[in-house]
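Working notes, beginning with the structure itself.
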Amino acid sequence: MNSIQTPLGHEPISTSHWSRTAPAAPPCPALEGTIAVDCTIIGAGYSGLIMALELAAAGRSVVVLDAEAPGWAASGRNAGHVAPLFWGAKKTPRQIVAAYGDDMGARMNRMVADSGRWLFDLIDRHGIACDARRGYLYLARTEASLAKHRETFEEWSEFGGVFEAIDCTELARHVTSPNYAGGVWLPNGGLVNPLALSRGLAAAAVREGVQVFGNSRAVSAVKDGEVWRIQTTQGAVRSRTLLVAAGGYADALFPVLRKAAYTVHCGVIATDPLPDKGTSTLPGRVPVADLDDKAVFSPAIDAEGCLAISFLIGPGDLEMRKALKICAPRIAKAFPQLSPPEFKRIWAGKFTITPDGAPRLLRLADNAFAATGCNGLGHTLGISAARELAKLALGVGKDAINFRVEDAKPLPASSAANWLLRHVAFPLVNRAG
Ligand SMILES: Cc1cc2nc3c(=O)[nH]c(=O)nc-3n(C[C@H](O)[C@H](O)[C@H](O)COP(=O)(O)OP(=O)(O)OC[C@H]3O[C@@H](n4cnc5c(N)ncnc54)[C@H](O)[C@@H]3O)c2cc1C
């Protein structure tokens, strides 16, 4: 498979490597007729499904609508890494406190530091079979880089983050590479099969009484007195509260959401199971990320022994040739002993980022809210934002919400910024390595 002609991130979900082993989704028929509930959620990715679980646990009746199916978008297509930090570990807890103030900054940091543990506990609690594996390793190429990043991780400890610096002897147990001087171990990070997680969350939501509808694109949302009427292609929902969890897939229904954050196109390539199941490269099968890469280099070996690597997509179609141009030099440098593996699958998805790397909770109208800006960390930042949006929907005051709540408005020059990211910034950082 060389070139995919469908719009990026809209390839059939069966293209994704994760669909090989993910269990089927629970039956999610299209909505027909009109139903009334306390809350309607648009989007059945991690964000929408976590909001649904939180609201159902608080006794609310909930409908989740998805234009396609649970996990069809970024939540089922991502690389599966669970990293409880801000974007690429590059935003430090102190910077968050400086930007958001002592109180909110500290609450944000504590929530994010705890977000990996929270997710793994949720997976256990609901018995979700998604090949969840705990333990994550950030890698530094030089002693100087290791020392610098150790300082950042020490800041995280002040907010409950659990991290352990490891030297190159310890590192050798996990990574066979001459390219790294040491690393930082995150016991509460890890790896999941994201499509299995998405479908498992949908199944858990259904068990908790949530009504999840697939093939049900919301096409209008109109306020009738105190009640929202959300029209889908074949039915309608009436509810007092409306939550939008459309991620990078927001459509014309809420145009402001397409401009309230920037959109990133991201791809993943994966091999078939490697002959040695990856043990000569990542002997501990722990997912890793290179702290010194200017773009993204985060290889992982999945439960079947396949190597999967994500990359930022520049201009043009999704093509294996272009993906290899970005990923192959990184693999060769990090693992010179590895004969170049053959990548068999390629797929893509979209997510949103914000200028400061922190998620946003947005007020769209009375009793209508959205979360955006998972910043490439849907399992941790994105799910944390979804939990907080659910609290907002339950009537918790803004002061007790762990992320800033603001009126939805477009970012300045968002279209130009999206173009610059994809056509200038990503090609540059992809080349820099
Ligand atoms: C290639 C890639 C790799 C990534 N790697 C990682 C990683 O390793 N670790 C990590 O933590 N994060 C990663 N991410 C980010 C993560 O996947 C996202 O942050 C997360 O999945 C976003 O979840 P979401 O629920 O907000 O949105 P999505 O999962 O994108 O779901 C949005 C849903 O809204 C639905 N929708 C939109 N409009 C409507 C409408 N009008 N009516 C009904 N439904 C609608 C869509 O059909 C879609 O299902 C990656 C993302 C990509 C694309």
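Whatever order the structure lists ligands and atoms in, that order sets their numbers, starting from 1.
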When the ring planes of Trp347 and His17 are compared, do they come out parallel, tilted or perpendicular, using 30° and 60° as the limits? parallel

Scanning both residues in full, the closest heavy-atom pair of His174 with Leu137 reads CB-CD2, 3.6 Å

What protein heavy atom sits nearest atom 9 (N) of ligand 1, and how far off is it? His81 O, 2.7 Å

Taking atom 27 (O) of ligand 1 as the reference point, the nearest protein heavy atom with its distance: Gly247 CA, 3.7 Å

Which residue and atom name correspond to the protein heavy atom nearest atom 44 (N) of ligand 1, and how close is it? Ala67 N, 2.9 Å

Asp293/Arg141 salt bridge by N-O under 4.0 Å criterion: yes

Ligand 1 N/O within reach of Ala79 N/O, cut-off under 3.5 Å: yes

Would you please name every residue forming a side chain to side chain contact (heavy atoms under 4.5 Å, CB included) with Ser145, sequence neighbours left out? Ala140, Thr142, His149, Asp292

Just to check, does Gly376 reach to within less than 4.0 Å of ligand 1 when the distance is taken from its heavy atoms? yes

Per-atom filter on ligand 1: closer than 4.0 angstrom to a heavy atom of Lys350 are 53 (C)

Among all residues two or more places apart in sequence or in another chain, which pass the salt bridge (Lys or Arg N to Asp or Glu O under 4.0 Å) test with Arg240? Glu226

Option with minimal heavy-atom separation from atom 24 (P) of ligand 1, where the choices are Ala370, Ala300, Ala289, Ser47: Ser47

Asp66 N/O under 3.5 Å from ligand 1 N/O: yes

Would you say Val268 and ligand 1 have an N/O pair spaced under 3.5 Å apart? no

Protein contact to atom 37 (C) of ligand 1 [nearest heavy atom, distance to 0.1 Å]: Tyr249 O, 3.4 Å

As an exercise, identify every atom of ligand 1 less than 4.0 angstrom from a heavy atom of Ala245. 32 (C), 33 (C), 34 (O)

For atom 4 (C) of ligand 1, what's the nearest protein heavy-atom neighbour? Residue, atom name and distance, please. Asn78 CB, 3.1 Å

Any side-chain to backbone donor/acceptor pair from Glu319 onto Ala323? Under 3.5 Å, distance only. no

Starting from atom 29 (O) of ligand 1, which protein heavy atom do you reach first, and at what distance in Å? Ser75 OG, 2.6 Å

Under 3.5 Å between any N/O of Ile42 and any N/O of ligand 1: does that happen in this structure? no

Check this for me: does any side-chain nitrogen of one of Lys398 and Asp407 sit under 4.0 Å from a carboxylate oxygen of the other? no

N/O of Trp72 under 3.5 Å from N/O of ligand 1, yes or no? no

Does Lys259 have more than 12 heavy atoms from other residues, nucleotides or ligands lying within 6.0 Å of its NZ? no

Just wondering, are more than 12 heavy atoms of other shown residues or ligands nearer than 6.0 Å to NZ in Lys333? no

Compute the centroid of each ring, for Phe86 and then for Trp156, and state whether the two points are separated by less than 6.0 Å. yes

Is it true that Asp317 and Arg321 have a side-chain N and a carboxylate O under 4.0 angstrom from each other? no

Gly43 neighbourhood, listing ligand 1 atoms whose heavy-atom distance to it stays under 4.0 Å: 33 (C), 34 (O), 35 (C)

If we only consider heavy atoms of Ser216, is any one of them less than 4.0 Å away from an atom in ligand 1? yes

Protein residue, atom and distance nearest to atom 42 (N) of ligand 1, heavy-atom basis: Ala218 N, 2.9 Å

Does only the side chain of Phe351 get under 4.0 Å from ligand 1, or the backbone, or both, or neither? Count heavy atoms. side chain

Option with minimal heavy-atom separation from atom 53 (C) of ligand 1, where the choices are Ala250, Gly349, Ala348, Ala371: Gly349

Could Asp114 and Arg110 be called an ion pair, given the rule that one side-chain N must be under 4.0 Å from one carboxylate O? no

Do any heavy atoms of Gly80 fall under 4.0 Å from ligand 1? yes

Which atoms of ligand 1 sit under 4.0 Å from any heavy atom of Cys374? 18 (C), 19 (O)

Cationic N near anionic O, under 4.0 Å, Arg20 to Asp272: yes

Would you say the ring centroid of Trp118 lies under 6.0 angstrom from that of His379? no

Closest to atom 41 (N) of ligand 1 among Leu253, Asp251, Leu381 (heavy-atom distance): Asp251

Under 3.5 Å between any N/O of Gly378 and any N/O of ligand 1: does that happen in this structure? yes

Any N/O pair Thr380/ligand 1 closer than 3.5 Å: no

Can you sort out which atoms of ligand 1 are near Leu65, meaning under 4.0 Å from one of its heavy atoms? 43 (C), 44 (N)

NZ of Lys325: more than 12 outside heavy atoms within 6.0 angstrom? no

Close-contact set for ligand 1 against Leu377 heavy atoms, below 4.0 Å: 10 (C), 11 (O), 12 (N)

Can you check whether Thr271 reaches Glu342 side chain to side chain, under 4.5 Å on heavy atoms? no

Which protein heavy atom lies closest to atom 1 (C) of ligand 1, and at what distance to 0.1 Å? Cys266 O, 3.2 Å

